[in-house]
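The residues of the chain are indexed from 1 along the displayed sequence. Bear in mind the structure is a predicted one, so any value in this text is a computation, not a measurement.
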Amino acid sequence: MAKVVARQVVSGSQELVWHVLSDFDRMPEWLPGVTSIEHTGGPPKASGREHVAKMESGVEAHQRVVAWDDSRRIAWRTVREVQDGRDVGSLQNVRTTIDLRPSAANTEITLTGTWSGGGPLGLIRSLTGRGRIKDGFEQALANLDKLMADATGGS
């Protein structure tokens, strides 16, 4: 199983950060490459929620929320990735977890991605994808920091 972790302290209370992260409609504001989210099943804000994240690349990522711990953790699993009706997912068991914890008056966010490659070709894809995923996580954290600074009047 491969793993990527990115961590950053952002402006704002844990409750304020949670408010943004738990509103999936706002995901395109901070998660690179996501253009929209369509809720497709399950509760709107809880474990079991299902949605499709539409990406700039044209890929539709079908995801299911697998962990929901109010104000502390959200995790989702990508069930499949589809483009033009074809399955295009190259990694398996893809899970994204967001953990929050207070850091003085601000919030430390930890983004963790785990996945398996699926055989020798999958291992190569996994290794080459690691840097891209890490860069995306770091950009997401920078975007969240800016959103939170704007919301709290910080710089």
Distance, nearest 0.5 Å, that separates [atom1] of [X] from [atom2] of [Y]:
| X | Y | atom1 | atom2 | value |
| --- | --- | --- | --- | --- |
| Q63 | I37 | CD | CD1 | 6.5 Å |
| R77 | T97 | CZ | OG1 | 8.5 Å |
| D99 | R7 | CG | CZ | 9.0 Å |

Heavy atoms only: give me the nearest [X]-[Y] pair and the separation to one decimal.
| X | Y | value |
| --- | --- | --- |
| N143 | W30 | ND2-O, 3.0 Å |
| S11 | V17 | O-CG2, 4.1 Å |
| T112 | K3 | CG2-CE, 3.7 Å |
| S22 | I74 | CA-CD1, 3.9 Å |
| A67 | R95 | CB-NH2, 3.9 Å |
| G48 | R64 | CA-NH1, 3.7 Å |

Tell me, yes or no, whether the heavy-atom count around [X] atom [atom1], taken from other residues, nucleotides or ligands under 6.0 Å, exceeds 12.
| X | atom1 | result |
| --- | --- | --- |
| K134 | NZ | yes |
| R73 | CZ | no |
| H19 | NE2 | no |
| R101 | CZ | no |

So, do [X] and [Y] sit near enough that their side-chain heavy atoms are less than 4.5 Å apart?
| X | Y | result |
| --- | --- | --- |
| V9 | E108 | yes |
| N93 | T114 | no |
| R26 | L147 | yes |
| M55 | V34 | yes |
| F137 | T96 | yes |
| I109 | Q8 | no |
| Q14 | R72 | yes |
| L144 | L21 | yes |

Got a donor-acceptor contact below 3.5 angstrom from the [X] side chain to the [Y] backbone?
| X | Y | answer |
| --- | --- | --- |
| R49 | P43 | no |
| D87 | V82 | no |
| T40 | E50 | yes |

> For V66 and W76, what are the C-alpha separation, side-chain angles and deciding distance, and is it a side chain to side chain contact (heavy atoms under 4.5 Å, CB included)?
Replying inline: CA-CA 5 Å; V66 295; W76 61 86; 5.6 Å; no
> Looking just at side-chain N and O atoms, do Q139 and D135 make a donor-acceptor pair shorter than 3.5 Å?
Replying inline: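 No - no donor-acceptor pair under 3.5 Å links their side chains.
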Between [X] and [Y], is there shared hydrophobic-cluster membership here, with clusters defined by ILVMFWY side-chain heavy atoms closer than 4.5 Å?
| X | Y | value |
| --- | --- | --- |
| L100 | V5 | no |
| V65 | V52 | no |
| F24 | L16 | yes |

>> Checking side chain to side chain contact (heavy atoms under 4.5 Å, CB included) between E38 and each of H62, H51, E60, K54, which is the one that passes?
In response: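 Only one of H62, H51, E60, K54 forms a side chain to side chain contact (heavy atoms under 4.5 Å, CB included) with E38, namely K54.
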